[in-house]
**Student:** 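If you scroll down you'll find the structure; I have some questions about it.
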Amino acid sequence: MINKKRYYSLDFIKIIAIFLVCFYHFTTISRNLAVDKSINAHINYYVYGIGSVCVPLFFMVNGALTLNRDFDLKKHLKKLTTLVILIFLWGSIQLLIYAIIKGDNYTIKGFIYALLDWRRERIDSLWFLQTLICLYIIFPAVKLIYDQEDKTLLKYTLIIVGFFTFGVGLINMGINVIQYFVGKENLNRNFINLLTDPFNPFKGFRAYSLIYFISGGLIVKAIEEKKFKLSNSKLIFTLLISLLILFLYGSMMTIRNSYLYDTVWNGYDTVMTFFICVVIFILSFRYEERLAKVGNIIKLIGTNTLGIYLLQGMVGAYFKPIYMQIPFNSNLIMNIVFATFIVLVCLSITLTMKKIPLVKKLFEL
């Protein structure tokens with residue numbers, strides 16, 4: 001069981017994920033191939049696609065940590081309640097802080113409405129925690145299926161959920177590719193409405209998160225049993241090819257529709273992003289011993305990614321106007337440095353806040 005051993009690789013994966021969250025939210029690189037045909041824009045857009053693994057990796061880590069541990073319903077319900085309280089507290093905190101940064105004005109009624117309506121471009125970035133709540137609500141049933149020796153029901157669950165998320169997405173991608181080559185304009189990401197609306201049992205829930213969640217548990221178990229035999233070179237090749245396909249599809253959609261196709265947000269439920277996540281998981285575990293040599297640093301950052309995630313939107317909103325005044329702010333390397341800066345600032349604030357008795361509860365789950 002994973003609760004008998006600490007894996008620095010899981011902390012490392014969370015570090016990768018939170019860095020990519022910050023990079024995605026605050027990047028200023030030129031990547032819109034509809035208006036910029038330069039080689040740099042193409043390179044930027046290709047690299048940009050790796051950001052699609054940011055949130056899925058968090059789901060996978062959560063699955064790896066919870067599915068491979070003993071289950072206690074009472075503790076689980078307590079954790080679920082804490083998460084619900086936490087998300088509304090942080091929703092309120094962020095609305096107040098954004099009011100200062102962005103100059104928003106609220107009446108008491110308006111503030112409550114903004115909180116309940118989950119105001120866009122203010123607190124909607126907390127959608128990860130919303131989805132995590134959904135996963136935790138159904139977790140007892142998922143855990144029951146996961147633990148059964150007969151894996152028939154687990155396979156059924158993965159196939160059904162996988163089809164209505166990744167499968168439907170793949171079908172739509174195939175249709176769009178065909179339409180592109182026959183010259184159709186205005187390609188629609190969700191072409192098959194029958195499978196994305198009336199006949200989809202997972203409408204309204206980001207069900208692809210369940211695939212990542214369960215996969216995280218299964219991959220860690222398979223790694224412990226040494227079932228992955230692919231060489232590192234083949235894994236890296238898989239990652240690069242998956243990223244290339246995501247890039248090519250995004251380029252096609254961007255050029256044909258004349259506006260940027262977001263391969264990060266639209267990449268979460270693609271098989272390409274799923275493959276990249278699996279590769280990152282496996283490779284990270286293969287370097288467990290090397291990661292352990294700097295384990296204290298990795299653990300320090302990895303165990304505070306929740307705080308970084310909760311703070312990054314506000315910290316980035318404050319510093320981005322300042323960053324935009326710096327020469328070469330659209331340079332890829334500069335953007336990587338800026339994302340790293342945001343992570344470190346948020347980490348510093350989190351560590352400071354955790355020293356305050358009651359306040360530290362806001363950064364713990």
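Atom set for the values below is all heavy atoms of this structure, side chains included, hydrogens, waters and symmetry mates excluded. Remember, it's a predicted structure, so these values are computed and weren't measured experimentally.
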**Student:** Give the C-alpha distance, both sets of side-chain angles, the deciding distance and a yes or no for side chain to side chain contact (heavy atoms under 4.5 Å, CB included) between Ile13 and Ser284.
**Tutor:** CA-CA 7 Å; Ile13 291 169; Ser284 296; 3.6 Å; yes
**Student:** So, for Trp90 and Tyr309, is the gap between ring centers shorter than 6.0 Å?
**Tutor:**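 For Trp90 and Tyr309, the ring centres are not under 6.0 Å apart.
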**Student:** For residues Arg122 and Lys102, determine if any side-chain heavy atom of one lies less than 4.5 Å from a side-chain heavy atom of the other.
**Tutor:**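 Yes; the side chains approach each other to less than 4.5 Å.
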**Student:** Can a donor-acceptor pair be found, under 3.5 Å and without considering hydrogens, that links the side chain of Lys355 to the backbone of Leu351?
**Tutor:**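 No; judged by distance alone, with no hydrogens or angles, the pair does not exist.
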**Student:** Before you tell me yes or no, could you show the steps for Asn335 and Tyr48 under side-chain hydrogen bond (donor to acceptor under 3.5 Å, both in side chains), namely the whole-Å CA-CA distance, both residues' side-chain angles and the distance that decides it to 0.1 Å?
**Tutor:** CA-CA 11 Å; Asn335 275 259; Tyr48 176 77; over 6 Å; no
**Student:** Using side-chain heavy atoms (C-beta onward) and a distance below 4.5 Å, is Lys360 in contact with Met353?
**Tutor:**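 Answer no - side chains too far apart.
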**Student:** For Asn304 and Lys354, what are the C-alpha separation, side-chain angles and deciding distance, and is it a side-chain hydrogen bond (donor to acceptor under 3.5 Å, both in side chains)?
**Tutor:** CA-CA 10 Å; Asn304 287 289; Lys354 277 189 170 183; 2.7 Å; yes
**Student:** With Phe71, which of Phe139, Tyr146, Tyr136 fulfils ring pair (Phe, Tyr, Trp, His ring centres under 6.0 Å)?
**Tutor:**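 Of the listed options, the one satisfying the test is Phe139.
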**Student:** Step by step, would you call Ser251 with Thr254 a side-chain hydrogen bond (donor to acceptor under 3.5 Å, both in side chains)?
**Tutor:** CA-CA 5 Å; Ser251 300; Thr254 296; over 6 Å; no
**Student:** Any heavy-atom pair between the side chains of Tyr106 and Ile112 that's under 4.5 Å?
**Tutor:**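 No, too far: nothing below the 4.5 Å cut-off.
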**Student:** Using the side chain to side chain contact (heavy atoms under 4.5 Å, CB included) rule, take Ile138 and Phe213 through it: C-alpha gap first, then chi angles, then the decisive distance, then the call.
**Tutor:** CA-CA 12 Å; Ile138 64 173; Phe213 189 79; over 6 Å; no
**Student:** Quick one: pull up CG in Leu311 and CD in Gln94 and give me the separation to the nearest 0.5 Å.
**Tutor:**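 Output value for this atom pair is 8.0 Å.
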**Student:** Do we see a donor-acceptor contact under 3.5 Å between the side chains of Glu185 and Tyr180?
**Tutor:**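 Checked: Glu185/Tyr180 side chains show no N/O donor-acceptor pair below 3.5 Å.
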**Student:** How far apart are the C-alpha atoms of Asn32 and Tyr259, what are their side-chain angles, what is the distance that settles it, and do they pass the side chain to side chain contact (heavy atoms under 4.5 Å, CB included) test?
**Tutor:** CA-CA 7 Å; Asn32 189 346; Tyr259 61 85; 5.6 Å; no
**Student:** Say whether, by atom type as modelled, one donor and one acceptor occur between the side chain of Thr305 and the main chain of Gly302 under 3.5 angstrom.
**Tutor:**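 Checking the backbone N and O of Gly302 against the side chain of Thr305, a donor-acceptor pair under 3.5 Å is found.
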**Student:** Testing the basics here: between Val161 and Ala207, what is the closest heavy-atom pair and its distance to 0.1 Å?
**Tutor:**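 Here Val161 and Ala207 meet closest at CG1-O, 3.5 Å.
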**Student:** To the closest 0.5 Å, what do you measure between CD1 (Ile255) and CG (Leu260)?
**Tutor:**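 Interatomic distance, Ile255 CD1 to Leu260 CG, rounded to 0.5 Å: 11.5 Å.
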**Student:** Please determine which of Leu246, Leu243, Thr263 meets the side-chain contact (heavy atoms from CB on, under 4.5 Å) test together with Ser52.
**Tutor:**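 Between Ser52 and the candidates, side-chain contact (heavy atoms from CB on, under 4.5 Å) is satisfied uniquely by Leu246.
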**Student:** Is there side-chain contact between Phe88 and Ile93, with heavy atoms separated by less than 4.5 Å?
**Tutor:**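 The answer is no, as the side chains (C-beta and beyond) never meet within the 4.5 Å cut-off.
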**Student:** State the NZ-CG distance between Lys14 and Leu57, to the nearest 0.5 angstrom.
**Tutor:**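 Rounded to the nearest 0.5 Å, the NZ-CG separation comes out at 12.0 Å.
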**Student:** Tell me if a side-chain donor or acceptor on Asn257 pairs with a main-chain N or O of Leu187 at a distance below 3.5 Å.
**Tutor:**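 Yes: the side chain of Asn257 pairs with the backbone of Leu187.
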**Student:** Taking the side chain from Asp269 and the backbone from Thr165, do they hold a donor-acceptor pair closer than 3.5 Å?
**Tutor:**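 Not at all, since once roles are kept as given, no pair shorter than 3.5 Å links the two residues.
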**Student:** With clusters defined by side-chain heavy atoms of hydrophobic residues (ILVMFWY) lying less than 4.5 Å apart, directly or transitively, does Val271 cluster with Ile236?
**Tutor:**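 Yes, one cluster joins them.
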**Student:** With a cut-off of 6.0 Å (strictly less than), are more than 12 heavy atoms of other residues, nucleotides or ligands near CD1 of Ile39?
**Tutor:**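 At most 12 heavy atoms, drawn from other residues, nucleotides or ligands, come within 6.0 Å of this atom.
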**Student:** Using the ring of each side chain (for Trp, its six-membered ring), is Tyr323 parallel, tilted or perpendicular to Phe338, with breaks at 30° and 60°?
**Tutor:**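 Judged by the thresholds at 30° and 60°, the geometry between Tyr323 and Phe338 is parallel.
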**Student:** Of the non-hydrogen atoms in Lys143 and Arg69, which two are nearest, and what is the gap between them?
**Tutor:**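 Lys143 and Arg69 have their closest heavy atoms at NZ-O, 2.7 Å.
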**Student:** Looking at CD1 of Ile280 and CD1 of Ile50, how far apart are the two atoms once the value is rounded to the nearest 0.5 Å?
**Tutor:**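 So the CD1 of Ile280 and the CD1 of Ile50 are separated by 5.0 Å.
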**Student:** Ring pair (Phe, Tyr, Trp, His ring centres under 6.0 Å) with Tyr212: which of Phe58, Phe166, Tyr268, Phe59?
**Tutor:**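 It is Phe166, the one option of Phe58, Phe166, Tyr268, Phe59 that forms the ring pair (Phe, Tyr, Trp, His ring centres under 6.0 Å) with Tyr212.
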**Student:** Measure across Gly307 and Phe363 and return the closest heavy-atom pair with its distance rounded to 0.1 Å.
**Tutor:**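 Smallest heavy-atom distance, with atoms named: CA-CD2, 3.6 Å.
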**Student:** Return the CD1 to CG distance between Ile308 and Leu347, rounded to the nearest 0.5 Å.
**Tutor:**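 With rounding to 0.5 Å, CD1 (Ile308) is 5.0 Å from CG (Leu347).
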**Student:** Take atom CD1 of Ile297 as the centre, draw a 6.0 Å sphere, and report whether it contains more than 12 heavy atoms from other residues, nucleotides or ligands.
**Tutor:**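 12 or below, so no.
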**Student:** More than 12 heavy atoms of other residues, nucleotides or ligands under 6.0 Å from NZ of Lys221: yes or no?
**Tutor:**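 Enclosed: over 12 neighbouring heavy atoms sit under 6.0 Å from NZ of Lys221.
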**Student:** Compute whether any side-chain donor of one residue and acceptor of the other, for Asn40 and Ser38, lie under 3.5 angstrom apart.
**Tutor:**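 Looking only at side-chain atoms, Ser38 and Asn40 do not form any donor-acceptor pair under 3.5 Å.
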**Student:** So for atom CG, which belongs to Asp117, do other residues, nucleotides or ligands contribute more than 12 heavy atoms lying within a distance under 6.0 Å?
**Tutor:**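 Correct, the count exceeds 12.
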**Student:** Side chains of Asn176 and Tyr249: is there a donor and an acceptor less than 3.5 Å apart?
**Tutor:**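 The criterion, which ignores hydrogens and geometry beyond distance, is satisfied for Tyr249 and Asn176.
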**Student:** Can you find a pair of side-chain heavy atoms, one from Ile97 and one from Tyr318, that are under 4.5 Å apart?
**Tutor:**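 Not in contact.
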**Student:** Atom NZ of Lys75 and atom CG of Asp70: how far apart are they, to the nearest 0.5 Å?
**Tutor:**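 Going from the NZ atom of Lys75 to the CG atom of Asp70 covers 9.5 Å.
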**Student:** Is the closest side-chain heavy-atom distance between Thr28 and Lys320 below 4.5 Å?
**Tutor:**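 Yes, their side chains come closer than 4.5 Å.
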**Student:** Would you kindly say whether Asp262 and Tyr24 are connected by a side-chain donor-acceptor distance under 3.5 Å?
**Tutor:**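 Yes, because at least one side-chain N or O of Asp262 sits under 3.5 Å from a partner of the opposite role on Tyr24.
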**Student:** Could you go step by step and tell me if Tyr8 and Glu289 meet the side-chain hydrogen bond (donor to acceptor under 3.5 Å, both in side chains) rule?
**Tutor:** CA-CA 9 Å; Tyr8 291 106; Glu289 291 185 5; over 6 Å; no
**Student:** Under the side chain to side chain contact (heavy atoms under 4.5 Å, CB included) criterion, do Ile282 and Val278 qualify, and how do the steps go?
**Tutor:** CA-CA 6 Å; Ile282 297 173; Val278 172; 3.8 Å; yes
**Student:** Counting only heavy atoms not in Asp72 (residues, nucleotides, ligands), do more than 12 fall under 6.0 Å from its CG?
**Tutor:**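 Enclosed.
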**Student:** Give a yes or no on whether Phe12 atom CZ has more than 12 heavy-atom contacts from other residues, nucleotides or ligands under 6.0 Å away.
**Tutor:**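 No, the 6.0 Å shell around CZ holds no more than 12 heavy atoms from other groups.
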**Student:** With heavy-atom distances below 4.5 Å as the criterion, would you say the side chains of Tyr156 and Thr152 are in contact?
**Tutor:**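 Not in contact.
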**Student:** With Ile87 as reference, evaluate Leu132, Leu129, Ile123 under the side-chain contact (heavy atoms from CB on, under 4.5 Å) test and give the passing residue.
**Tutor:**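 Exactly one candidate clears the test, Leu129.
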**Student:** Are the side chain of Asp147 and the backbone of Leu144 linked by a donor-acceptor contact shorter than 3.5 Å?
**Tutor:**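 Flag not set: sc Asp147 to bb Leu144 has no pair under 3.5 Å.
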**Student:** Taking atom CD1 of Ile108 as the centre, report whether more than 12 heavy atoms of other residues, nucleotides or ligands fall under 6.0 Å from it.
**Tutor:**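 For Ile108, atom CD1 is not crowded (no more than 12 foreign heavy atoms under 6.0 Å).
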**Student:** Do Arg286 and Ser9 have side chains that get closer than 4.5 Å, going by heavy atoms?
**Tutor:**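 No, their side chains stay 4.5 Å or more apart.
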**Student:** For atom NZ of Lys151, decide whether the heavy atoms of other residues, nucleotides or ligands shown that lie under 6.0 angstrom number more than 12.
**Tutor:**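 For Lys151, atom NZ is crowded (more than 12 foreign heavy atoms under 6.0 Å).
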